[in-house]
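Encoded as structure tokens, the structure appears first; notes follow it.
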Number of protein chains: 2
Amino acid sequence: MAVTLKEVAERAGVSRSAVSRTFTDGASVSDKMRRKVEKAARELGYSPNALASSLTTGRTKLIGLISDNFHNPFFLKAFDVFTSGLQARDLRPLLVNLTSMPDPDDAVQMLRQYSVDGVIVASSTVPPSFATLFEKANIPAVFAFARYRGSANSNVVGIDNEFAGAFAARTLIERGYRNIAYLGGPQAAVSTTDRLKGFSAEMASHGLGFTHTFSGKYSFQAGRTEMLRLIDQGDLAEVYFGADDIISIGALSALESRGIRVPEDVGILGLNDLEMAGWENINLTTIRQPIGQIASASVDLMVSLLDEPGRHPEARLFPCTLIERGTLKPLKIGA
Amino acid sequence: MAVTLKEVAERAGVSRSAVSRTFTDGASVSDKMRRKVEKAARELGYSPNALASSLTTGRTKLIGLISDNFHNPFFLKAFDVFTSGLQARDLRPLLVNLTSMPDPDDAVQMLRQYSVDGVIVASSTVPPSFATLFEKANIPAVFAFARYRGSANSNVVGIDNEFAGAFAARTLIERGYRNIAYLGGPQAAVSTTDRLKGFSAEMASHGLGFTHTFSGKYSFQAGRTEMLRLIDQGDLAEVYFGADDIISIGALSALESRGIRVPEDVGILGLNDLEMAGWENINLTTIRQPIGQIASASVDLMVSLLDEPGRHPEARLFPCTLIERGTLKPLKIGA
DNA sequence: ACAAATTTTGCAACCGGTTGCAAATATGGA
DNA sequence: TCCATATTTGCAACCGGTTGCAAAATTTGT
């Protein structure tokens, strides 16, 4: 159907190799030849078949982009940066939606079949099997928004979730809160559990206890439902650290719908700094995770991995900062 | 690097064709043979190379998914449905972010090189060149959330934007509003201009005039900025139809930040019914565009196109419904 | 103008599969 | 049991490119 190299060669009256060479840069072709071939190619509307060439070159320029979070708006930004970053480097994202796969390991299998050059896993609820499966398949993998295992044995880009949890606890304590609670995302998400771990350690180091609960998903509804449950159960804490903005915004909505004032009656601290957190009608105080930087660094790391196959696994962690808005009582000056 | 068909054939002591056949269903292989081959394949960890086979079969099962809207959360939902729908049908989405391409036509070129079986264009600001380019390249294309041209000469799935605009006007007029304005998205988006067209016609048929302005993008900030401009310019209308929820929510935020009450001082009507529109802290009255259905129908249509190449172009349009929330004054009973 | 060095070109094998066709094997009927 | 028929298997060519190698053409030096 499509025009092939052979047809171009015939029309230009040259060998197939010659045509191939004019379309691979760095190959030796005379100007005369190049012009002849380009003319024929233009006339025929030829464009080389990337997949056929991948067969011999061993590179498809396909990068698997795996995610399982299509409910948190956070990922739209991430997708934007991932895709434009990959494209800018002449790589193409093959998107995999883990949510709708019966067995997550099928994703690995599928990406193998499509000979992707590498994989970016953008998820914090990723099955632990992934790292080893990709390693066994010899596919370089970058885990974005994932857990940093201390001894970096896989490529990780993100924040230090334990640190972020501790930072949250410290922030709340500094604000004078004592009756503090942790409102997590899904228990299966390493982001939620690691943040809890750091949060817990920091609380303990101040001699404070706290309660914690989980929402089933990283979604508005999950956060809202969980907070409604807490309200109905009575005995609210003075402040909640929601392990993600989308959870926190859901919680905020639950509080509002029950007439509980924020931050006067209950405080909320989020994490992420979603665009929505800054909307006037939400105005959530939160800890900022630099989403764009993380996505962008993940692509950079992927490219390094491709250039330098034997490379040591590396973790790239970014700092978090507090974004002061309206859902926490202010820091008392001089307190 | 990876295990090939040939190695499996050697280990199983059979021909390469035999191995190929056990992995393509509908091929004639005896049970004995199948078992032998599967055993060898399992031992070697073989998985067939989808790209190599595409070379002879002419099908890659790759579907280009083109979009240029990575700011409107609306698309996250769309992506979710697109990707899971495609996966469920054994197709793989190759994502293209138009925003970051210097020349949109490059996208077509790229997708040709990767021999995609089809393309889903999810955008309402798509260059008109696309339809013809894909047709010339003989790649079936579905335009989701796009303009329905009356005489369907391309495959379109979405809503009837002119009708939706008229519906909006009618709704506002029924509510007793007379000083009405239209707050559009980007002028380049056919969704914005078509909605305006229908809106305009309906207003005219009631003998009413109205003003309209555009926001540069479909984004919160664009809507907010434009509404701030309108406020500062003085002379606000009684009600605004925001051509998209994200624009409307931005406008809402602008009004709130200036102490203008909604719906008492100014009314807002959105379009889309984003998840956020339903959040208590936003509570936007809006016209619902069935995003999931549209995405899902787009995938269905794509599959039909693949099964039946000579098929006539078709438009699938979905109805819109009003979602009553808190940003419009109520319909007076018996009025 | 000629030989040596350099560049350009084409041949042919290969990448990892598929598939039409004919040979080989299995099945059924009498 | 033997032959006709149906099924399974392997051969070899092909899909659309790439690439090592040697032959052909060009450039360089003198």
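Protein chains get the first letters and strands the later ones, always in sequence-line order, with residue 1 at the start of each. A quick note: this is a predicted structure, and the numbers were derived from the prediction, not measured.
In this structure, the CG atom of B:Asn49 is 8 Å from the P atom of C:dG16, given to the nearest Å. C:dG10 atom C1' lies 12 Å from atom NZ of A:Lys36, rounded to whole Å. Atom CG in A:Leu55 sits about 9 Å away from atom C1' in D:dG16, given to the nearest Å.
Where A:Gly13 and B:Tyr46 each meet DNA chain C at their nearest nucleotide, the meeting point lying more 5' is that of A:Gly13. Comparing B:Val29 and B:Ala52 against DNA chain D, the residue whose closest nucleotide sits nearer the 5' end is B:Val29.
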Between side-chain atoms of residues 101-111 of chain B and protein atoms elsewhere (two or more places apart, or another chain), which donor-acceptor pairs fall under 3.5 Å?
{"residue": "B:Asp103", "atom": "OD1", "partner": "B:Asp105", "partner atom": "N", "Å": "3.0"}
{"residue": "B:Asp105", "atom": "OD1", "partner": "B:Ser129", "partner atom": "OG", "Å": "3.1"}

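Nucleic acid contact class of B:Ser17 (heavy atoms, under 4.0 Å, all strands): base. Residue-level contact check: B:Ser54 touches neither bases nor backbone, having no heavy atom under 4.0 Å from any strand. Residue contacts shown for A:Ser28 include a base, since a base heavy atom lies under 4.0 Å away. Using a 4.0 Å heavy-atom criterion, one finds that A:Ser20 contacts the bases of the nucleic acid, with or without backbone contacts as well.
The nucleotide whose nearest atom lies closest to any side-chain atom of B:Ser53 is, among D:dG10, C:dG17, D:dG16, C:dG17.
A donor atom on one side chain and an acceptor atom on the other are found under 3.5 Å apart for B:Ser191 and B:Ser124. Using modelled atom types, one finds a donor on one side chain and an acceptor on the other under 3.5 Å when comparing A:Ser123 with A:Asp68. A donor-acceptor contact closer than 3.5 angstrom links the side chains of B:Ser100 and A:Gln87. No hydrogens or angles considered: a donor-acceptor pair under 3.5 Å links the side chains of B:Asp80 and A:Asn97.
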N/O contacts under 3.5 Å, protein versus nucleotides 25-28 of chain C?
none

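If you check distances only, the side chain of A:Arg21 does reach the base of C:dG10 with a donor-acceptor pair under 3.5 Å. Taking 3.5 Å as the limit, the base of D:dG17 and the side chain of A:Arg16 contain a donor-acceptor pair of atoms between them. Within 3.5 Å, no donor on the side chain of B:Ser15 pairs with an acceptor on the base of D:dC11, nor the reverse.
Between the B:Asp117 side chain and the B:Thr60 main chain, a donor and an acceptor come within less than 3.5 Å of each other.
Checked against salt bridge (Lys or Arg N to Asp or Glu O under 4.0 Å), A:Glu38 has the following partners two or more places apart in sequence or in another chain: A:Arg34.
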